[in-house]
Amino acid sequence: MRYQPAQIEPKWQQVWDEQKTFKTSTDMAELKGKPKYYVLDMFPYPSGAGLHVGHPEGYTATDVLARYKRMLGFNVLHPMGWDAFGLPAERAAMRDNIHPAVITKTNVDNFRRQIKSLGFSYDWDREVSTTSADYYKWTQWIFLKLVEKDLAYMAEVPVNWCPALKTVLANEEVKDGVYVETGDPVEKRVMKQWMLKITAYADRLLHDLDDVDWPEGVKEMQRNWIGYSLGAKIQFEVENAQAQFGVFTTRADTLMGCTYCCLAPEHPLLKDITTPQQREAVDQYIQTAGQKDALQRTDLEKDKTGVFTGAYAIHPVTEKKVPIWVADYVLMSYGEGAVMAVPAHDERDHAFALKYDLPIVEVVSGGEKSVQEAAHTGNGTLVNSDFLNGLDVSAAKERMAAWLEEHSRGEKSHNYKLRDWLFSRQRYWGEPFPVIHFDDGSYETVPVDQLPVELPAVDEYKPTDDGRPPLARAGDEWLMVELPDGRKGMRETNTMPQWAGSCWYYLRYLDPTNSEEPWSKEAENYWMPVDLYVGGVEHAVLHLLYARFWHKVLYDCQREDGSRWVSTKEPFQKLFNQGMILAYSYRDARGKYYHPSEVEEKDGKWFVQASGEPVETQIEKMSKSRLNVVSPDEVIEQYGADAMRLYELFMGPLDQTKPWQTSGVDGVYRFLQRVWRLAIDEESGEVSQRVTDEAAASQADLNKLFHKTIKKVTVDLDNMRFNTAIAAMMTFLNEASAAERLPKPILMDFIRLVGPFAPHLAEELWARLGGEGLISLADWPQHDEQLCIDDTIKMVLQVNGKKRDEIDVPRDMPKGEIEQLALGNERVLKFTEGKEPRRVIVVPGRLVNVVV
RNA sequence: GCCGAAGUGGCGGAAUUGGUAGACGCGUCGGAUUCAAAAUCCGAUUCUCGCAAGAGAGUGUGGGUUCGAUUCCCACCUUCGGUACCA
């Protein structure tokens, strides 16, 4: 009987399902006493397209680790769920007028089927979906906590409005003036929206990054996004007016070089200080600047514009007049919305000064060019600066800050780039806000005991004709609320962004069916933090920053008994980003793509089979339009789930971007077949003749190699080096299948090593060989260190750093003897040509280098 | 521009407290088995020169440190990701 994954895989999946093999106990008493391991995948958005082979890469890695840790005796928490609110389902709903819940259910069912077909050891009893009312009840509950702590507020704010989607977007969702997901342009609008005060946590979000084991790049991205900078806030008086404004600067040392000031177009002071002569020009400038969308502002980056307000500021030190301009290179959203311009030492101010012929005064010497030509932003010695002259930049910063504080004209200060999180969306398929609005503009939150506020039925899923969000289509029965005290209000018609549900799902997995509270204290205490979190790097800022923020808020919130809602400062102790999986695509000269099955290779070049036309091949992101998407379904059909799992990990290091090559699956498939044949006689279907009942030690060489293999696989798994772990098992298999006799104990332990990687095959062989119980619940083999040490070592002999020979020497041979052996070596003598060695270097266990 | 990651055979990739470059796999070539094929098994496979033994070159480029560099240092090139008037 041959290796037939199509038969054994569904069989074992059914066994695991029926026996609930991977169910994690909910009994705290039972859990205690064993160490825990919480290994989490970023849960997917269940799209209509189903999985492609990129999805299971991370899932396979976490599954191998979950199975490995279980075999090592850990209580393992390994759940899966659905981030199921969101745009694609809503769009489909709009188009076909089907409830998005119906579309979502179909997609989730398909995703679950695909994920299950890979034999992952999830505890399906803990499956959650952000769209179920049982779940979003608690999302709303957390929102109430945010309101309670004054971290959620409504404000008239300039928002990113996306006309194509008819909704607002968060800063994090917009790049270069377009929505990052769809590329639709975004424009500025002022709207009254819910905001979350993430800026109140900027400091902790920044500093606690030091305590987590995350890729340095991701930490850096978050640091950059939070954007801390240290500097000073300086007050400027306006001449002939009872007005003043502050500026933030990181270069207080250059204050004496300030030759003008600039306010952002949105700065409130403009209407008070602009002189009548300049009024018209300024008003017009403000209006034009307001109309520019983000894209235009980006495009016009280089070309700075501005208008003189006619007003002058009094320089806080020299008390000389400096003109006040308005310019849209100054952002209202950062710092004070105003800058002191020092053209000699700031590139932007320099460009602006050149354009409008404003004076440029050098105050830091040491630039390569004259400051009239280019700004000198580097270090140097202060000049033209009164009491700062002669100091270097950092000393001058200190001195100036001290002077400003003494004279009450400024103080040390810091700023964050991070802005509050815009939390409203004008969509249907999201969590409703538990909020009731009244005619007078006030609002109240819905009491906890009335949660969840469920999504109402609506006739259509698009905005109303007068531009209100889809929830405004719900009837008065849902919209209008009468409170016990007789007041009448109207429900909020915005919904929360998709990020809301994913901000805390890792906590719901701990206790997914709890109807009294979002999670129990005991479960949280036992399982948190997440020990390993695996997902794509695309969430480096958005999801991971938002989730950390909510987690910290929950850390600050108390239960009735005074304990914290979560016990850890950070949710995800270790983060790992799997690399993207790319695929080959084939395109002709006209740019038309061809499916891999339509092309053929000849002498390293590719041609369309039908026409013989040449095509270019390139490695690109998988996408429908490039016809290069590989579905796990087709791979499993052809090779089985075990081969699919193995190839996902054998391709290369998990964190690396790498191309999918279906031909590469052949290699791992052959490996699995050979493992099968190692144990099973294909003719009879019985256990192979060569498998003997003798002790492992009776085949000494093979046993030694096997113990080295155990060690290698174990160390590699601990370091998430799956590809080299698989290579080590292949190496062992090559030796084992060449051996005439294979002691059964070795074979049984080898199958345990294979288990986490190819669990179906391993269960089947384990059962056929008479293993006890399921291999999924068996112990991990231990290596014997003694057997991993060789008695003789291969030593390389070099002459002048070049390898000339290698010899076998006993492991404990003294250095001197090795040296003698090397110097007497025939090949060494040939290359030393009779010359006296100048130096001989002996590296024990490695090599001897003879220098002449 | 700034920040981060990475450049190794025909291909995916191994090897880093500085010590045999190319593990393992794909592909290719040769052989066995077969009436034939598939499958399977065995062998070869960095490049150049050579019948061979062997020699030389070689980890993006150019320098440097060292007995010895894929690994450390300096400069540069390329690719990918992030970010972009943040004062």
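Every chain is numbered from 1, with letters handed out A, B, ... down the list of sequences.
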J.: Can you find a pair of side-chain heavy atoms, one from A:Asn723 and one from A:Met651, that are under 4.5 Å apart?
T.: no
J.: Looking at residues at least two apart in the chain, or sitting in another chain, which of them share a salt bridge (charged side-chain N to carboxylate O under 4.0 Å, His left out) with A:Arg670?
T.: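 Here no residue qualifies.
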J.: Counting just side-chain N and O atoms, does A:Arg677 come under 4.0 Å of either OP1 or OP2 of B:C41?
T.: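 Yes, such a contact exists.
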J.: Reading nucleotides 21-33 of chain B from the 5' end, what letters show protein touch, with B for base, S for backbone sugar-phosphate only, - for no heavy atom under 4.0 Å?
T.: --BBSSS------
J.: Indicate whether OP1 or OP2 belonging to B:G13 is found under 4.0 Å from a side-chain N or O atom of A:Gln656.
T.: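 For B:G13, OP1/OP2 do have a side-chain N/O of A:Gln656 under 4.0 Å.
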J.: Among B:C85, B:U20, B:G13, find the nucleotide with the atom closest to the side chain of A:Pro653.
T.: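 Nearest to the side chain of A:Pro653 among the choices is B:G13.
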J.: Can you tell me which residue among A:Thr657, A:Asp655, A:Val534, A:Val537 is in a side chain to side chain contact (heavy atoms under 4.5 Å, CB included) with A:Gln578?
T.: A:Val534
J.: What are the atom names and distances for every N/O pair under 3.5 Å that joins the protein to nucleotides 52-56 of chain B?
T.:
{"from": "B:A55", "atom 1": "OP1", "to": "A:Arg827", "atom 2": "NH2", "distance (Å)": "3.4"}
{"from": "B:G56", "atom 1": "OP2", "to": "A:Arg804", "atom 2": "NH1", "distance (Å)": "3.3"}

J.: Enumerate the residue pairs fulfilling side chain to side chain donor-acceptor pair (under 3.5 Å) with a member in residues 839-849 of chain A, sequence neighbours excluded, ordered by first and then second residue.
T.: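 Output for this query is empty, none listed.
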J.: Which glycosidic conformation, syn or anti, is assigned to B:G9 if syn requires a torsion within 90° of zero?
T.: syn
J.: From C-beta outward on A:Lys658, which listed nucleotide comes closest to its side chain: B:C85, B:G13, B:U20?
T.: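 It is B:G13.
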J.: Go through RNA chain B and write down every stem, that is, every run of at least three consecutive Watson-Crick or G-U wobble pairs with distances under 3.5 Å, as range with range.
T.: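 Result, WC/G-U stems under 3.5 Å: B:1-7 with B:77-83, B:10-12 with B:24-26, B:27-32 with B:40-45, B:46-49 with B:54-57, B:60-64 with B:72-76.
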J.: Applying ring pair (Phe, Tyr, Trp, His ring centres under 6.0 Å), can you list everything that pairs with A:Tyr647, at least two apart in sequence or on another chain?
T.: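 Per chain and number, A:Tyr647 pairs via ring pair (Phe, Tyr, Trp, His ring centres under 6.0 Å) with A:Trp660.
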J.: Check this for me, if you would: do A:Lys304 and A:Asp349 make a salt bridge, where the nitrogen-to-carboxylate-oxygen distance has to be below 4.0 angstrom?
T.: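 Salt bridge absent between A:Lys304 and A:Asp349.
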